[in-house]
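Okay, structure first, notes after.
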Number of protein chains: 2
Amino acid sequence: MQLGKRKLQILQAVIDDYICSGEPVGSRTIAKKYGMGISPATIRNEMSDLEEMGYLHQPHTSAGRIPSDKAYRLYVDKLMKIRMLTAAEAEYIKNIYEQRTAEIEKVIEQVARVLSDITNYTSVVLGPQLNKVLIKHIQLIPVEGQYALLVVVTSAGIIKDTIIRVPADIDSGYLNRVSNMLTEHYRDKTFAEVDLNSIQDVQKEMIRQKEFFNSVVDALTESIAQKEQTEVYLGGTTNIFNFPEYRDIMKAKAFLSFMEQKNLLYSLLSKFDKKGVTVVIGTENEYEQMKECSIVMTTYSIGDKVLGTMGLIGPTRMEYSKAVSVVRYVGETVSKYLTSLFEE
Amino acid sequence: MQLGKRKLQILQAVIDDYICSGEPVGSRTIAKKYGMGISPATIRNEMSDLEEMGYLHQPHTSAGRIPSDKAYRLYVDKLMKIRMLTAAEAEYIKNIYEQRTAEIEKVIEQVARVLSDITNYTSVVLGPQLNKVLIKHIQLIPVEGQYALLVVVTSAGIIKDTIIRVPADIDSGYLNRVSNMLTEHYRDKTFAEVDLNSIQDVQKEMIRQKEFFNSVVDALTESIAQKEQTEVYLGGTTNIFNFPEYRDIMKAKAFLSFMEQKNLLYSLLSKFDKKGVTVVIGTENEYEQMKECSIVMTTYSIGDKVLGTMGLIGPTRMEYSKAVSVVRYVGETVSKYLTSLFEE
DNA sequence: TGTTAGCACTCTCAACCATCGAGTGCTAAT
DNA sequence: ATTAGCACTCGATGGTTGAGAGTGCTAACA
């Protein structure tokens, strides 16, 4: 069977209506609201065809139709008209950059908040992934007692700080020399390149305090391992309650529990790192708990280095056109902002 | 009317039963389960008295009784037997300290997780409050381009880092000198003592780069203002779904929305800073949204300086004896651990 | 006088049933 | 090919009913 023009029109009408109402859509409704000069009976025939083709289904015999994931896929790829942002939305998004903070984590936090505020969906943003950035500076700072703070500054302005123990007989001059040496050695390398071999080289020069030096290396490698698991920022998790399909307490619980598991969210989002906006619909998703949700996401970057991922999660009947346009806009402007901050 | 011994026994039985069942308790139940050689009829009479005195109430005429907040108060203050931690619980709590991390935020994060895991309630932990700690070291670290990182190390091992702009003509030697000067000036002072007057003093010595120096001062004072609002760590927010009284979607939503508002949680917890465990029951609470919840909380400290607050939030019929013992134990051991780390 | 058995009464809850309405599929007419 | 008409299905709604849990009251009892 062919997907003729009229079938497409009807399909679009069903999707549009279902997205905003959440109720199964009947032939009469289509005829009345989206009337295109054909009677309900004709629409019924077409809908019956669409059902056979897998684009619609009925929750029970005497109910209207609901779009399938396949229908949403078609909708997102072909039917949907990309919607412009309203002036108010663009204005609201600008807030992110007006604080002019140079701390990338703060920016990301704002992004999560703004995304969920504007769309009323749940937002997820992955913090910058360390393996993509360059080391710019390494510094050991003495702290009260026998501790020192290991600070690594990167091209993305990210700071990883770890506290390490320092032998009593080491003075701050020595710490400075170590810092300079490390900086010289690892400047403009990625964390992935901080391997043990190159560390051996440095180590030769530092036999004097071998034990201490080892602990610095430990802290450095550990800090890499730890940051492999990036921070996950959430926004508007309780927005899910706005959707009638989550009136069911068990569903709401499943959703929120999933959102609490940061590692799942991480692996969910981190797997898509191509530019542009990616939409994952319902069962296309590999996690059982997300089979009734869709994700609209994009990446953000500094220059052309992809740093992380941001996205919106909502029911499959989400307003894709709004979600896509907002996500795209925020992704692009954040990238621009971060690039202007850290790349000159 | 007097609260005789038998009335107390009955009251305790009602509370115990209601805490674990969540269902109104009838006279028969009491007679059977907690049988103290009296008949249901007698118990009914006593319960009627207890109701008159405000300790019990009935949701409707032909239902069992439910303890009032006043009853819980009495229970917590007088009736409750403090329960010992089980070996497994104590073992589980030890996990917090075994990573031997010296980063206080990491410890706090663990505390939130462990508290909610053990008790199945929602845990809230306020991060360390900066106004209680002493400045130990201030350092400006050059970053790629025209930025520097302002790091403040305190007696609690807390690091506040802010990125500030640096004029192009400033070299790292100069940054070091500024750092040393600031450190010398503010060492062992609290953030509250970093007032503008004393900054004027320093400023005199730094006329050379007045503009730059101002931005450092700005960052410092701003970092104080910002950290006034401490981080709030949450654990087990979805545990609330385990309680039948939160089957109602609106209640669950109200609860979770409240938990999303970190500033409310902050003002809720930060107001109690006396040592020992504090229990706030239902309507004793000043926030409308918390009127059906109880909070069990304590403080944690380094030495005798109180740093922050940790607590458990659950329905008023929470297992106070368990909550109190766990919170007390965790609070004490965390304080010990932090003290051993940072105070010598 | 305090305690208890007995009983009538109240109230909730779950099950049941009838009804309503939205929506369909089919058929026959256009 | 389209459409009007109609019988049919199924979920939602609302009212009724009976069971069960629990009470308060009264009268008998130790």
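Protein chains get the first letters and strands the later ones, always in sequence-line order, with residue 1 at the start of each.
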Inter-residue atom distance B/T42.OG1 - B/I10.CD1, 0.5 Å rounding: 8.0 Å

Residue-phosphate contact under 4.0 Å: A/R65 side-chain N/O, C/dG25 OP1/OP2: yes

Identified side-chain contact (heavy atoms from CB on, under 4.5 Å) counterpart of A/L115 within the set A/D117, A/V111, A/I118: A/V111

Any B/S39 side-chain nitrogen or oxygen under 4.0 Å from OP1 or OP2 of C/dT4: yes

Of the listed nucleotides D/dC10, C/dT4, D/dT3, the one nearest the side chain of B/T42: C/dT4

Heavy-atom neighbours of A/R28 CZ exceed 12 at 6.0 Å: no

Nucleotide nearest B/A41 when distance is taken to its side chain, options C/dT10, C/dG25, C/dA5: C/dA5

B/E292 atom CD, neighbour heavy-atom count above 12 within 6.0 Å: no

A/D69/A/R73 salt bridge by N-O under 4.0 Å criterion: no

Euclidean distance, atom NE2 of residue B/H57 to atom P of C/dC11 [Å, nearest integer]: 17 Å

Of the listed nucleotides C/dG23, D/dG5, C/dA5, the one nearest the side chain of A/T29: C/dG23

Interatomic distance where CD1 belongs to A/I30 and P belongs to C/dA22 [whole Å]: 16 Å

Side chain B/R28 and base D/dG22 donor-acceptor under 3.5 Å: no

Which residue lies more 5' along DNA chain C, comparing A/N45 with A/P24 via nearest heavy atoms: A/P24

Contact nearer the 5' end of DNA chain C, comparing A/V25 with B/P59: B/P59

Whole-Å gap separating C1' (C/dG2) and CD1 (B/I43): 15 Å

Phosphate OP1/OP2 of D/dT2: any A/R6 side-chain N/O under 4.0 Å: yes

Listed nucleotide nearest any side-chain atom of A/R44, set D/dT23, D/dG5, D/dG11: D/dG5

N/O donor-acceptor pair, side chain A/S62 with base C/dT24, under 3.5 angstrom: no

